[in-house]
Amino acid sequence: MADNTKSSMSFLAHIGELRGHLVRSILSIVITSIAVAIYWDELVEHVIMAPLKSTFPTFDIFNQFGELTGFGKIYTESFDISKELTNLNPSGQITSQFFAVIVCGVIIAIPYIIFEIWRFVKPALKEAERKYAGFTIFAVSFFFVTGVLFSYYMLLPLCTQFLFTYDPFGVGNTWTLPSYIDLFVQLLLSMGVMFLMPVFVYFLTSIGILTPKFLKEYRKHAFIVVLVIAAAITPNDVYSMILVTIPLWLLYELSVLVSNSVYKKQLKAKSNDLVKN
């Protein structure tokens with residue numbers, strides 16, 4: 001009876017602790033979302049709508065690259081797709097603004113949310129694993145933010161410009177505000193999560209689920225999976241799929257190196273234990 005009470009209290013204690021971490025994580029999102037809402041006008045002008053304009057840095061970089069390689073400017077005409085957006089739903093602007101505020105708040109709060117997750121799982125880890133707390137938080141934050149930045153500065157502007165100007169039937173394209181905000185959120189969050197691939201591989205290799213041999217043997221299968229993921233998180237055009245497939249495949253190769261490094265350290269640790277025994 002005492003054992004059952006003890007395990008029950010232990011379980012309830014874990015639930016209470018988890019609730020505390022969840023509450024603090026949600027509060028961090030609320031705080032960052034409020035900050036985003038306060039600077040909403042600046043956010044719309046310089047962040048959300050910026051990739052839709054020819055003045056965005058990405059287009060200028062591609063033009064400079066074209067001139068250096070002798071192809072000339074790639075984007076010769078000025079454009080501002082944001083002025084072409086329409087809203088057909090009475091509540092479309094409200095829901096789009098709310099959606100954008102929350103997502104931007106989540107992206108800003110990610111490092112703290114990861115810190116709260118680490119604090120929750122830390123008691124279950126060994127002392128040697130706890131030493132890498134700072135590195136883990138940094139690695140997850142770094143790869144997630146890198147994925148978001150890649151999507152924002154490469155994928156989003158190039159895909160939107162291509163899709164909006166692609167008009168083989170000569171009928172023109174009309175985009176709604178909610179559809180663009182959905183695309184904005186989908187690309188940023190999905191790429192942020194996908195860029196965590198090396199971190200997931202590190203964790204799965206550490207607990208013995210993955211091995212570098214497995215990742216190397218199933219490279220061809222992994223490439224198919226990467227293509228499927230690229231098709232799922234992009235607007236379903238070949239141009240966007242290529243832009244996503246290249247970094248995802250590079251991340252897979254990086255994950256193989258990460259897994260190989262972890263696996264070698266595990267073998268070395270086992271050999272040291274055998275020598276000591």
Quick one: closest heavy-atom pair of Val262 and Tyr202, and the distance? CG2-CD1, 3.3 Å
In terms of heavy-atom contacts, Gly105 and Val36 come closest through N-CG2, 4.2 Å
Just wondering, do Pro235 and Leu163 contact through their side chains at under 4.5 Å, heavy atoms? yes
Got a second to check how far Ile229's CD1 is from Ser190's OG, nearest 0.5 Å? 10.5 Å
Indicate yes or no: at least one non-hydrogen side-chain atom of Met191 is less than 4.5 angstrom from one of Tyr152. no
Short side-chain to backbone donor-acceptor contact, Asp167 and Gly172, under 3.5 Å: yes
Are Leu189 and Ile107 close enough, and set up right, to give a side chain to side chain contact (heavy atoms under 4.5 Å, CB included), and what steps lead you there? CA-CA 8 Å; Leu189 288 185; Ile107 292 174; 4.1 Å; yes
Show, in sequence, the C-alpha distance, side-chain angles and deciding distance for Ser82 and Lys53, and conclude whether the side chain to side chain contact (heavy atoms under 4.5 Å, CB included) test is met. CA-CA 7 Å; Ser82 64; Lys53 304 174 183 178; 3.7 Å; yes
Quick one, Ile233 and Leu187 - any side-chain contact, counting heavy atoms below 4.5 Å? no
Can you find a pair of side-chain heavy atoms, one from Phe195 and one from Pro247, that are under 4.5 Å apart? yes
Kindly indicate whether the side chain of Ile81, heavy atoms from C-beta on, has any atom under 4.5 Å from the side chain of Phe79. yes
Greater than 12 external heavy atoms within 6.0 Å of Glu42's CD: yes
Where is the tightest heavy-atom contact between Ser259 and Val201, given as atom of each residue plus distance? CB-CG1, 3.7 Å
Smallest separation among heavy atoms of Val47 and Phe184, with atom names: O-CE1, 4.4 Å
Name the orientation class of the two ring planes belonging to Trp249 and Tyr252 (parallel below 30°, tilted from 30 to 60°, perpendicular beyond 60°). parallel
Considering only NZ, NE, NH1 and NH2 on the basic side and carboxylate oxygens on the acidic side, decide whether Lys216 and Glu253 come within less than 4.0 Å. no
Out of curiosity, does Ile110 fall in the hydrophobic cluster containing Val23 (side-chain heavy atoms, cut-off under 4.5 Å, transitive links)? no
Reported OG1-to-CG distance for the pair Thr211 and Leu204, which is rounded to 0.5 angstrom: 11.0 Å
Would you say OH of Tyr166 has more than 12 non-hydrogen atoms from neighbouring residues, nucleotides or ligands within 6.0 angstrom? no
Answer yes or no: is there a donor N or O on one side and an acceptor on the other, between the side chain of Asn260 and the main chain of Pro212, under 3.5 Å? no
Transitive ILVMFWY side-chain link Met241 to Leu158, under 4.5 Å: no
With side chain to side chain contact (heavy atoms under 4.5 Å, CB included) as the criterion, how do Thr205 and Val258 come out once you've worked through the C-alpha distance, each side chain's angles and the decisive distance to 0.1 Å? CA-CA 9 Å; Thr205 304; Val258 170; over 6 Å; no
Does the gap between the ring centers of Phe214 and Tyr263 come in under 6.0 Å? no
Check the angle between the aromatic planes of Trp175 and Phe164 and answer parallel, tilted or perpendicular using the 30° and 60° thresholds. perpendicular
Take Met154 and Phe62 through the side chain to side chain contact (heavy atoms under 4.5 Å, CB included) test and state the conclusion after the steps. CA-CA 10 Å; Met154 286 291 292; Phe62 271 82; 4.0 Å; yes
Between Ser28 and Tyr112 the two heavy atoms that sit nearest each other are CB-CD2, 3.5 Å
How many angstroms lie between atom CD1 of Ile242 and atom CG of Asp237, to the nearest 0.5 angstrom? 9.0 Å
The reported gap from CG in Leu43 to SG in Cys104 (rounded to nearest 0.5 angstrom) is 5.0 Å
Report yes or no: do Leu177 and Trp40 belong to one cluster of Ile/Leu/Val/Met/Phe/Trp/Tyr joined by side chain heavy-atom distances under 4.5 Å? yes
Give a yes or no on whether Ile207 atom CD1 has more than 12 heavy-atom contacts from other residues, nucleotides or ligands under 6.0 Å away. yes
Should the heavy atoms of other residues, nucleotides or ligands under 6.0 Å from CZ of Phe71 be counted, would the total exceed 12? no
Could you tell me which non-hydrogen atom of Thr160 sits nearest to which non-hydrogen atom of Tyr180, and how far apart they are? CG2-CE1, 4.1 Å
Same apolar cluster: Ile31 and Val106, side chain cutoff 4.5 Å: no
Would you mind reporting whether Tyr75 and Asp60 have side-chain heavy atoms less than 4.5 Å apart? no
To the nearest 0.5 Å, what is the distance between CG on Asn87 and OG on Ser96? 7.0 Å
Contact check, side chains of Arg219 and Phe223, non-hydrogen atoms, under 4.5 Å: no
Which value, rounded to the nearest 0.5 Å, describes the distance between Ser151 atom OG and Leu156 atom CG? 6.0 Å
Using side-chain heavy atoms (C-beta onward) and a distance below 4.5 Å, is Arg119 in contact with Arg24? yes
Using the ring of each side chain (for Trp, its six-membered ring), is Phe138 parallel, tilted or perpendicular to Phe142, with breaks at 30° and 60°? parallel
I'd like to know if Phe143 and Leu257 are part of one continuous hydrophobic network [Ile/Leu/Val/Met/Phe/Trp/Tyr, side-chain heavy atoms within less than 4.5 Å]. no
